[in-house]
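Every heavy atom of this structure was used, including side-chain atoms; hydrogens, water molecules and symmetry mates were not. All values reported here derive from a predicted model rather than from experimental measurement.
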Amino acid sequence: MFYRFEKLFSTSLAAVFLAGLVAHGAGAQSSGEDAHLAIENPAELSKEEALRIYKSLQRRMERGYAAAQFDQLINYQAWPLFNDAPYISATHGQRYVNSYANRMAHNYGTLAEGEKLPMGSVLAKDSVTVTDEGNVHPGALFVMEKLAEGANPDTADWRYIMVMPDGSLFGDTMGARAAAVAYCHDCHEAVADRDYTFFVPEDYAVGN
């Protein structure tokens, strides 16, 4: 069901995503990688190819994101991983992504309609750009943190953070450049009945 949601909303949400990122301007991206822009020509990779590329960049990505100094993200790559290989996400700039969740988000993979994740749940989605021209580099890290009830009614008590590959902050709905990531919750309203969280496509879910 959630895979169908992503397919249904992918075109419109990708447009919202791109509009929000372009508004940030070129100053946010690092090393000329255009890491903050949606790409038009993602490569079509097998699971094995996507895994190989991700593993080749994994440590570099972890070091880069760590420069943001968010305690919530310490050792995020050691958290439970809910996909068996990186998968392409139209709502994250046509990049290959992984879906991690911390131990507090113990029910993320089995979340039923109307059920909620507990306060302190953190979902982290790192990303890799791979174009059909052979360009490969880290993308942004997308983060959702479940806050205390009533902390931010406008986002159903979710905090959205986006960290660039060099650790610079693109935006934080509870901090600097909040307006730059305000569109995140607009996208996630499509799955409000699942506590505003998308799940991975069926054919990439761990255990399938």
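Looking only at distances, a side-chain donor or acceptor of Gln77 sits under 3.5 Å from a matching main-chain atom of Gln58. In this structure a side-chain-to-backbone donor-acceptor pair under 3.5 Å is present from Tyr96 to Ala43. A donor-acceptor contact shorter than 3.5 Å links the side chain of Arg95 to the backbone of Gly93.
Looking at Asn98 and Asn83, their side chains do bring a donor and an acceptor atom within 3.5 Å of each other. A donor atom on one side chain and an acceptor atom on the other are found under 3.5 Å apart for Asp126 and Tyr76.
Interatomic distance, Phe170 CZ to Met164 CE, rounded to the nearest 0.5 Å: 7.0 Å. Taken from SG in Cys184 to CD in Glu189, the straight-line distance is 12.0 Å, to the nearest 0.5 Å. The CE atom of Met104 lies 7.0 Å from the CE atom of Met119; values are rounded to the nearest 0.5 Å. Atom OH of residue Tyr87 and atom NZ of residue Lys47 lie 12.0 Å apart, to the nearest 0.5 angstrom. With rounding to the nearest 0.5 Å, the separation of CZ in Phe142 from OG1 in Thr91 is 8.5 Å. The line from CG of Asp195 to NZ of Lys116 is 6.0 Å long, rounded to the nearest 0.5 Å.
Between Met174 and Asn152 there is a side-chain heavy-atom pair separated by less than 4.5 Å. Taking the side chain as every heavy atom from C-beta outward, Val143 and Leu123 never approach each other to under 4.5 Å. Thr173 is not listed as a side-chain neighbour of His185, based on a closest heavy-atom distance of 4.5 Å or more. Put simply, the side chain of Glu145 does not reach to within 4.5 Å of the side chain of Tyr160, judged on heavy atoms. Looking only at side-chain heavy atoms (C-beta outward), Val200 and Ser99 come within less than 4.5 Å of each other. Annotation: side chain of Lys125 is in contact with side chain of His92 (closest heavy-atom distance under 4.5 Å). Residues Thr129 and Asn135 are not in side-chain contact: their nearest non-hydrogen atoms beyond the backbone lie 4.5 Å or more apart. For the pair Pro138 and Met61, the minimum side-chain heavy-atom distance is below 4.5 Å.
Note on residues 108-131: pairs passing ring-ring contact (aromatic ring centres under 6.0 Å, His included), not counting sequence neighbours, are Phe82-Tyr108, Tyr108-Phe199.
A search for ring pair (Phe, Tyr, Trp, His ring centres under 6.0 Å) contacts involving Phe70 returns nothing, not counting sequence neighbours.
Within a 6.0 Å radius of CD in Gln72, other residues, nucleotides and ligands contribute more than 12 heavy atoms. Counting non-hydrogen atoms of other residues, nucleotides and ligands closer than 6.0 Å to CG of Asn41 gives a total above 12.
Cluster membership for Val136 and Tyr65, using ILVMFWY side-chain heavy atoms within less than 4.5 angstrom, is shared. Leu57 and Leu51 are members of different hydrophobic clusters when ILVMFWY side chains are connected at heavy-atom separations under 4.5 Å. In the hydrophobic cluster analysis, where Ile, Leu, Val, Met, Phe, Trp and Tyr join through side-chain heavy atoms closer than 4.5 angstrom, Tyr54 is grouped together with Trp79. A chain of hydrophobic side-chain contacts below 4.5 Å, direct or via other Ile, Leu, Val, Met, Phe, Trp or Tyr residues, connects Leu81 to Val128.
Tested against His188, the residues Trp158, Tyr196, Phe198, Tyr183 include a single ring pair (Phe, Tyr, Trp, His ring centres under 6.0 Å) partner, Phe198. Under the side chain to side chain contact (heavy atoms under 4.5 Å, CB included) rule, Leu73 has a single partner from Asn102, Leu141, Ile161, which is Leu141.
Closest approach of Ala67 to Gly167, counting heavy atoms only: CB-CA, 4.0 Å. A pairwise comparison of heavy atoms in Ser89 and Val97 identifies CB-CG2, 3.9 Å as the closest pair. Here the closest heavy-atom approach between residue Ala156 and residue Lys146 is recorded as O-CE, 3.9 Å.
Between Arg159 and Asp172, at least one side-chain N (NZ, or NE/NH1/NH2) sits under 4.0 Å from a carboxylate O, which counts as a salt bridge.
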Residues Ser168, Asp166; criterion side-chain hydrogen bond (donor to acceptor under 3.5 Å, both in side chains); working and verdict
CA-CA 6 Å; Ser168 60; Asp166 64 354; 2.7 Å; yes
